[in-house]
Colleague: 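Structure incoming, see below.
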Number of protein chains: 2
Amino acid sequence: MTSGPELPHPARDEIALTQVLFALSDPDRLAIVRQLAGGPLEMKACTPGETARAKSTRSHLFKVLREAGVLRSVPQGRGRLLTLRRADLEARFPGLLQAVLDGAD
Amino acid sequence: MTSGPELPHPARDEIALTQVLFALSDPDRLAIVRQLAGGPLEMKACTPGETARAKSTRSHLFKVLREAGVLRSVPQGRGRLLTLRRADLEARFPGLLQAVLDGAD
DNA sequence: GGGAGGGTTCGAAAATCATCGAACAATCCC
DNA sequence: GGGATTGTTCGATGATTTTCGAACCCTCCC
């Protein structure tokens with residue numbers, strides 16, 4: 001019934017600033033976050049930067065973002081649905097996400 | 001006349017977001033930035049986190065912040081004066097620095 | 001049942017980063 | 001001049017990160 005594995009997410013107040021900043025400090029991961037800014041996306045449809053990556057590498061990129069509390073990753077069908085944790089991030093670090101999304105490269 | 005070495009700083013438009021985020025993603029470096037939020041500080045007076053660090057390690061922490069364009073480090077007497085590059089950061093990534101300074105840990 | 005599609009986990013190899021001590025440079029001040 | 005103060009740079013070592021392939025798990029669908 002439940003599809004893929006339920007993976008752990010930090011609670012709102014467990015989200016740590018340095019960990020979030022680190023997660024966002026990689027070009028591929030930042031590209032992912034910017035794609036998600038437009039709304040939830042299926043993981044298969046969410047492609048990191050230019051260069052192709054092995055699927056295990058992709059999985060790792062999402063893992064870092066998930067464990068930092070930047071996004072939520074829930075099973076959906078045979079895949080996963082990714083959502084930016086906007087409200088949680090905004091509550092804890094007001095303006096941060098917006099600044100990162102709007103800022104230059 | 002000029003004191004210690006003149007060290008390179010990126011120009012405003014060379015400041016890269018991922019590099020800035022990475023520089024800020026370390027607790028010691030973040031602590032430095034927060035201290036500098038109160039105004040310029042002599043390097044000797046600027047102490048990273050709790051744990052003591054060798055002076056070469058301290059120097060390295062400041063170097064990462066300087067090369068990322070987060071702070072300016074100019075010779076002053078036998079030491080150095082550190083200044084947050086607020087205007088440059090604000091121009092390039094509006095709201096980012098403030099969010100990082102104000103946000104939770 | 002048995003593919004095929006989508007992802008995670010594991011283990012290993014490569015690259016990057018942090019940390020330190022030692023050596024060196026520039027400044028101040030006696 | 002000479003010593004103390006303040007920092008940088010270099011080289012080495014250890015710790016994290018990144019990346020990948022291989023093995024495995026679930027789900028959809030025929």
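By convention in this document, chain letters (A, B, ...) are assigned in the order of the sequence lines, proteins followed by strands, and residues within each chain are numbered from 1. Side chains are part of it too, since the values below use all heavy atoms of this structure and drop only hydrogens, waters and symmetry mates.
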Colleague: From CG of B/L7 over to P of D/dT8, roughly how many Å is that when rounded to an integer?
Modeller: 6 Å
Colleague: Could you tell me the separation between the CZ atom of A/R80 and the P atom of D/dC25, rounded to a whole number of Å?
Modeller: 16 Å
Colleague: Could you tell me which residues satisfy salt bridge (charged side-chain N to carboxylate O under 4.0 Å, His left out) with B/R12, sequence neighbours excluded, listed by chain and number?
Modeller: B/D88
Colleague: Could you pull out all residues at least two apart from A/A11 that satisfy side chain to side chain contact (heavy atoms under 4.5 Å, CB included)?
Modeller: A/D13, A/E14
Colleague: List in chain and number order the residues that pass side-chain hydrogen bond (donor to acceptor under 3.5 Å, both in side chains) with B/Q98, two or more places apart in sequence or in another chain; answer none if no residue qualifies.
Modeller: B/D102
Colleague: For DNA chain C, please output the secondary structure as dot-bracket, reading 5' to 3'. Pairs are Watson-Crick or G-U wobble, both atom distances under 3.5 Å; mark crossing pairs with [ ], other-strand partners with |, unpaired with a dot.
Modeller: ||||||||||||||||||||||||||||||
Colleague: Measure CD/A/E6 against P/D/dC26 and give the value in whole Å, please.
Modeller: 13 Å
Colleague: What's the CG-C1' distance between B/L81 and D/dG7, to the nearest Å?
Modeller: 14 Å
Colleague: Is B/L81 isolated, or which residues cluster with it under the ILVMFWY side-chain rule of less than 4.5 Å, directly or via members?
Modeller: B/V74
Colleague: Using modelled atom types and a 3.5 Å cut-off, is there a donor and acceptor pairing between side-chain atoms of B/H9 and backbone atoms of B/R66?
Modeller: no
Colleague: Between A/L71 (CG) and C/dG7 (C1'), how many Å, whole number?
Modeller: 14 Å
Colleague: Can you tell me how far P of C/dG2 sits from CZ of A/R78, to the nearest Å?
Modeller: 19 Å
Colleague: Throw together a table of side-chain donor-acceptor distances under 3.5 angstrom for residues 24-50 of chain A, partners on residues two or more places apart or in other chains.
Modeller:
residue : atom : partner : partner atom : Å
A/S25   : OG   : A/F22   : O            : 2.7
A/D26   : OD2  : A/D28   : N            : 3.0
A/D26   : OD2  : A/R29   : N            : 3.0
A/D28   : OD2  : A/R53   : NE           : 2.8
A/D28   : OD2  : A/R53   : NH2          : 3.2
A/R29   : NE   : A/A23   : O            : 2.8
A/R29   : NH2  : A/F22   : O            : 3.4
A/R34   : NH1  : A/D105  : OD1          : 2.7
A/R34   : NH2  : A/V100  : O            : 3.0
A/R34   : NH2  : A/G103  : O            : 3.1
A/Q35   : NE2  : A/T47   : O            : 2.3
A/E42   : OE1  : A/K44   : NZ           : 3.4

Colleague: At a heavy-atom distance below 4.0 Å, what parts of residues 16-29 of chain A sit against DNA chain D?
Modeller: A/F22, A/R29
Colleague: Can you sort out the partners of B/E90 under side chain to side chain contact (heavy atoms under 4.5 Å, CB included), two or more places apart, ordered by chain and number?
Modeller: B/P94
Colleague: Taking the hydrophobic residues Ile, Leu, Val, Met, Phe, Trp and Tyr, and joining any pair whose side-chain heavy atoms are under 4.5 Å apart, which ones share a cluster with A/V64?
Modeller: none
Colleague: Near DNA chain C, which residues from residues 36-67 of chain A have a heavy atom under 4.0 Å away?
Modeller: A/M43, A/K44, A/K55, A/S56, A/S59
Colleague: Just to verify, what does A/A16 make a side chain to side chain contact (heavy atoms under 4.5 Å, CB included) with, not counting sequence neighbours?
Modeller: A/Q19
Colleague: Could I get the full list of side chain to side chain contact (heavy atoms under 4.5 Å, CB included) partners for B/A104, not counting sequence neighbours?
Modeller: A/R92, A/F93
